[in-house]
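Take a look at the structure set out below.
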Amino acid sequence: MKEIRARAALFAAEWAGSTYEIGDTQSFWNDFLAIFGIDRRRVAFFEKRAARLSTGNRGRIDMFWPGMLLVEQKSAGLDLDKAEDQAFDYLAGLSAEEFPNAVVVSDFAHIRLTRFDKGGRAETQLIETKNLEKEIDRFAFLAGYVKRDYTRAEEEIVNGKAVKLMGQLYTEISGDHFSDHETSVFMTRTLFLLFGDDTGLWPRGLFQDLLEHSREDGDSLGGTLDTLFTTLNRPEKMRSPRLSEDIQPFPYVNGGLFSEHIEIPPFDASMRQALIACSQFDWGAISPAVFGSMFQVVKSRLERRALGEHYTSETNILKTINPLFMDGLRAQFVRAHGNVDKLRTLQKQLGTMTFLDPACGCGNFLVVAYRDMRALELDILLAIRDVTNNEVLADYEAADDLQVSQSQFFGIEIEEWPAKIAETAMFLVDHQANLRLSQEFGRAPDRLPISEAATIRIDNALRIDWAELVPATDNTIVLGNPPFVGMARMDGQQQEDNRIAFMDLPEARGQRSGRLDYVGAWYGKALAYTRGTSARTAFVSTNSIAQGDQARAMDPMLRAAGYAVDFGHRTFRWTSEAANAAVVYCTIIGFSRIGTVKQKRLFDYPDINGQPIEVHPKALDFYLIDSDQPAPAKRRRPLVAGLPAMIKGSQPTDGGGLIVEPEDYDAVMADPIAAKYIRPFLQAQNMLHGDARWCLWLTDVTPSDIASSPELQRRLALVTAARAQSPTPSVVTAAGTPALFTQIRQPTTSWLAVPFHSSENRDYIPMAYYDATSIAGNGVGHIEGAPLWIFAFLQSKAFTMWVRTFSGALKGDFRISPDLTYSVFPLVKPSGTALTKMEAAARAVLDARALFPAESLATLYGKLSMPVVLRRAHDHLDTLVDGVYGMTKPTDARRAQILLAKHHELVDAELLVTSAPVARRTL
């Protein structure tokens with residue numbers, strides 16, 4: 001703002017000392033607009049007619065800038081209150097598009113400014129013209145220098161409007177059969193023009209004027225835009241002198257943005273209006289993170305799922321970049337306070353850093369990282385100015401010696417359109433940073449024509465060498481939001497990508513990397529890329545990467561490579577700037593070579609939709625637990641000797657012959673011989689949802705019963721035929737015994753049913769007791785004769801957390817297995833009074849369920865439908881279970897830490913017993 005203040009001082013010197021009349025209005029305000037370099041064609045003097053609210057008569061507004069400013073001027077010495085009443089009288093007669101951001105009344109010696117905020121509230125200041133130099137910042141909004149302080153809700157409203165406008169424009173444009181490539185180029189160029197129109201890249205509103213001066217039917221607009229695109233790619237000296245005055249003022253852009261010629265479809269009135277609606281929006285108000293959402297809004301949910309795209313809100317980007325590098329840099333800035341040498345050293349350090357987002361999409365992470373790096377550099381320059389008391393920084397010119405540049409930022413993106421958005425977004429956020437620099441130091445780097453840009457490579461990041469784009473150094477930051485595609489959903493190419501990504505990582509051998517989600521491949525590439533450096537990496541991932549088999553593969557891989565987890569965000573709900581954003585539960589994991597980061601940071605979410613609680617663990621593993629111990633290893637028998645095992649139920653492999661569905665039940669029961677052998681059949685689905693199923697349990701069937709039963713003969717024939725066609729030899733062999741399940745593991749006494757799959761949206765995994773007449777299918781585990789205290793432990797939040805952390809999930813369901821879940825869980829049998837209380841709490845849970853005999857377990861354990869009496873019974877049970885481990889109201893992270901430590905304690909005790917020497921007998 002230095003030059004602007006200087007021009008304001010000259011204006012004040014000329015206009016503050018004399019008496020002027022109304023006839024001087026145009027000269028006064030023309031000189032005022034010249035302070036900011038505003039194109040005078042934007043305003044009209046004594047032309048705009050508007051109805052006055054008080055009289056209904058139409059009058060002429062002294063100076064009017066639609067959507068921006070209304071001025072009512074009076075001769076020196078006249079009453080400004082009356083002038084203000086007259087100005088506000090005109091407002092009622094203006095359309096919503098014309099309504100100004102501010103009203104000004106003046107008598108030449110005074111300027112009274114009233115500005116309206118987004119809610120229509122007004123704030124008024126009276127400024128003496130002679131003091132305009134000191135107060136000129138109040139008028140900076142006229143040139144696009146707007147300091148906004150939106151709350152989060154306000155910012156999201158503004159961003160949402162921008163996304164909808166671009167979506168409507170896309171709908172109009174794409175309806176004309178534009179190719180995907182031409183559409184991406186056109187939309188990217190349009191975004192650039194809209195943003196530049198509101199942020200001072202050229203006289204404010206120049207692009208909007210161009211659109212509004214076109215024919216209302218849109219017929220001329222396509223040709224006008226084609227001419228504009230060509231002009232923006234041509235230096236001013238090489239342009240035709242016959243260019244229209246609407247296009248001639250646009251500057252030379254360069255940088256390739258307008259170099260390619262594309263066919264622009266003929267416009268109609270609807271297309272023109274969609275583009276004009278976009279131009280009427282204030283694009284200087286939007287968050288840089290919204291650019292990605294503009295891309296997402298025009299894609300279907302199916303396409304997003306195929307590509308694994310989940311665009312990112314700025315809040316979630318900050319969850320990544322702040323602990324990754326910005327918090328550390330800001331701490332250095334605080335420590336350098338008041339020391340010019342340290343401040344300059346820190347500034348130079350910023351210029352040595354490089355940033356790579358190997359799945360950059362529309363560049364959201366790069367944009368926010370660049371913005372915050374430039375903001376920190378500006379803070380450093382301001383601190384140097386404060387220390388030296390020299391606004392110009394003496395020989396240390398701010399604009400000439402910037403260290404942070406776009407050339408430090410690199411991205412890889414597989415699709416063209418988002419890559420183009422990323423390139424454009426980086427230029428625009430650079431311009432925003434330069435506006436702030438100019439406000440403080442009077443000038444900023446002139447970026448037009450474009451000579452410096454971020455490097456965005458369009459390629460498959462998993463099949464190229466990242467070092468060819470930018471070599472890794474100790475000052476390299478790798479960050480981003482790789483595609484969210486689960487292992488079960490990966491197509492053939494993605495599976496091959498996964499295999500290739502781990503080829504250069506010896507530590508991946510033997511770690512079942514093929515069972516990782518698609519995002520795991522980026523972790524493997526990052527480990528190989530940053531090897532031998534102190535580079536730091538952080539990726540947003542689906543929470544499954546830090547659970548079960550995924551973490552069981554990644555944790556030892558990271559340790560073997562000599563890396564450690566530096567920080568992590570445990571499971572939280574991912575939010576996006578886009579409408580209809582996909583619902584995803586995420587984690588963020590930051591890692592680097594062991595010893596790079598001294599202080600670990602863990603962010604835990606008691607409410608996955610809320611704010612995290614930060615703690616500083618001594619160690620941090622890939623499960624995001626405060627532990628340096630390895631994950632539980634598979635085992636066939638429980639940790640504590642003498643406890644009943646969990647066994648997988650019986651498997652029919654019957655071709656539909658042995659299982660009796662509800663629609664077939666009456667037919668089977670009509671056969672008196674078959675009816676003797678029908679039994680309830682339990683799988684996870686019907687156990688949880690109360691859907692009745694049965695089976696024919698023929699372990700003791702007699703040959704004569706089979707011979708006498710047409711229903712049994714028909715069904716056993718189905719079994720024989722189905723098994724005979726199986727590719728599994730053992731099943732083919734079992735075709736000779738069609739009356740029996742292929743695998744029989746049926747308890748002979750009362751048993752506890754444990755569903756192998758259950759919705760992860762439940763706080764507890766519902767289990768229930770059955771007698772031996774109910775047949776356990778292969779979708780459940782059974783614990784024969786399970787005592788009530790084991791039931792209590794397995795129905796606790798502690799066990800649910802254990803399953804979520806170490807067993808993982810499959811397609812959104814908890815996955816339980818005997819060897820990776822139950823047998824490794826650190827069960828500790830209480831004794832005495834504690835055992836009595838535990839058994840009573842278990843009975844209380846069963847009694848609470850019994851109050852609702854018509855409800856299924858799935859309904860009883862729904863987050864919203866769980867009865868209060870059942871919830872309270874579980875709360876009491878949780879208190880008792882947590883107390884066994886010495887915990888009081890722990891977070892899930894604390895539960896995981898304590899239970900893992902207890903697991904290893906029991907493992908060590910078992911090893912101690914089994915390795916103890918056998919005492920010799922003495923004679």
Just list the side-chain donor-acceptor pairs under 3.5 Å for residues 876-884, sequence neighbours left out, or say none.
| from | atom 1 | to | atom 2 | distance (Å) |
| --- | --- | --- | --- | --- |
| Asp878 | OD1 | Lys797 | N | 2.9 |
| Asp878 | OD2 | Tyr764 | OH | 2.5 |
| Thr879 | OG1 | Asp875 | O | 3.1 |
| Asp882 | OD1 | Arg895 | NE | 3.2 |
| Asp882 | OD2 | Arg895 | NH2 | 2.9 |

Taking atom [atom1] of [X] and atom [atom2] of [Y], what is their separation to the nearest 0.5 Å?
X	Y	atom1	atom2	answer
Gln743	Lys648	CD	NZ	6.0 Å
Met687	Ser758	CE	OG	8.5 Å
Arg715	Ile706	CZ	CD1	14.0 Å
Asp892	Trp802	CG	CH2	13.5 Å
Met801	Leu899	CE	CG	4.5 Å
Gln547	Leu624	CD	CG	9.5 Å

Next on the checklist: If the threshold is 4.0 Å, N to carboxylate O, is there a salt bridge linking Asp763 and Lys863?
Outcome noted: yes

Checklist entry - Between Leu718 and Asp654, does a side-chain contact (heavy atoms from CB on, under 4.5 Å) hold up when you go through it step by step? => result CA-CA 7 Å; Leu718 289 175; Asp654 65 327; over 6 Å; no

Next on the checklist: Tell me whether Arg872 at atom CZ has more than 12 heavy atoms from other residues, nucleotides or ligands lying less than 6.0 Å away.
Outcome noted: no

Check whether [X] reaches the backbone of [Y] with its side chain - one donor and one acceptor, N or O, closer than 3.5 Å.
X	Y	value
His616	Arg601	no
Ser865	Thr859	yes
Thr742	Gln651	yes
Tyr677	Leu712	no
Asp626	Ala619	yes
Glu711	Pro672	no
Arg745	Gly649	yes

Check [X] against [Y] and note the closest heavy-atom contact, atom names and distance.
X	Y	answer
Leu698	Ala739	CB-O, 3.3 Å
Phe591	Ile589	CD2-O, 4.1 Å
Phe681	Trp694	CB-C, 3.6 Å
Ala633	Val824	O-CG1, 3.1 Å
Gly568	Leu620	N-CD2, 4.0 Å

Next on the checklist: Which residues pass the side chain to side chain contact (heavy atoms under 4.5 Å, CB included) test with Ile744, not counting sequence neighbours?
Outcome noted: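 With neighbours one apart ignored, the set is Ser650, Trp697, Thr699, Leu740, Phe741.
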
side-chain hydrogen bond (donor to acceptor under 3.5 Å, both in side chains) pairs, two or more places apart, involving [range]:
range	result
residues 721-740	none
residues 829-854	Gln795-Arg849, Arg849-Tyr861
residues 659-674	Glu661-Arg693, Asp671-Ser709
residues 680-691	Gln683-Asn778

Could you tell me whether the side chain of [Y] reaches within less than 4.5 Å of the side chain of [X], counting heavy atoms only?
X	Y	answer
Arg762	Leu688	yes
His874	Met866	yes
Leu900	Asp621	yes
Pro644	Ile790	yes
Met767	Pro755	yes

Checklist entry - Taking it one step at a time, do Tyr822 and Val754 satisfy side-chain contact (heavy atoms from CB on, under 4.5 Å)? => result CA-CA 10 Å; Tyr822 173 75; Val754 181; over 6 Å; no

Next on the checklist: Is there a side-chain contact (heavy atoms from CB on, under 4.5 Å) between Ile783 and Leu794? Walk through the geometry before answering.
Outcome noted: CA-CA 11 Å; Ile783 306 173; Leu794 300 187; 3.7 Å; yes

Checklist entry - Stepwise, does the ring-ring contact (aromatic ring centres under 6.0 Å, His included) test hold for Tyr605 with Tyr585? => result CA-CA 12 Å; Tyr605 291 78; Tyr585 295 98; over 10 Å; no

Item to check | Worked check of side-chain contact (heavy atoms from CB on, under 4.5 Å) between Gln550 and Phe622 | outcome: CA-CA 9 Å; Gln550 310 253 0; Phe622 209 84; over 6 Å; no

Item to check | Aromatic contact, Tyr563 with Tyr523 (centres under 6.0 Å) | outcome: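 So the answer is no for these two rings.
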
Next on the checklist: For Phe603 and Phe572, I'd like to know if the aromatic rings sit close, meaning centre-to-centre distance below 6.0 Å.
Outcome noted: no

Checklist entry - Would you say the side chains of Glu784 and Thr749 form a donor-acceptor pair under 3.5 Å? => result yes

Checklist entry - What is the ring orientation for Tyr623 with Phe806, classed by angle as parallel under 30°, tilted 30 to 60°, or perpendicular over 60°? => result tilted

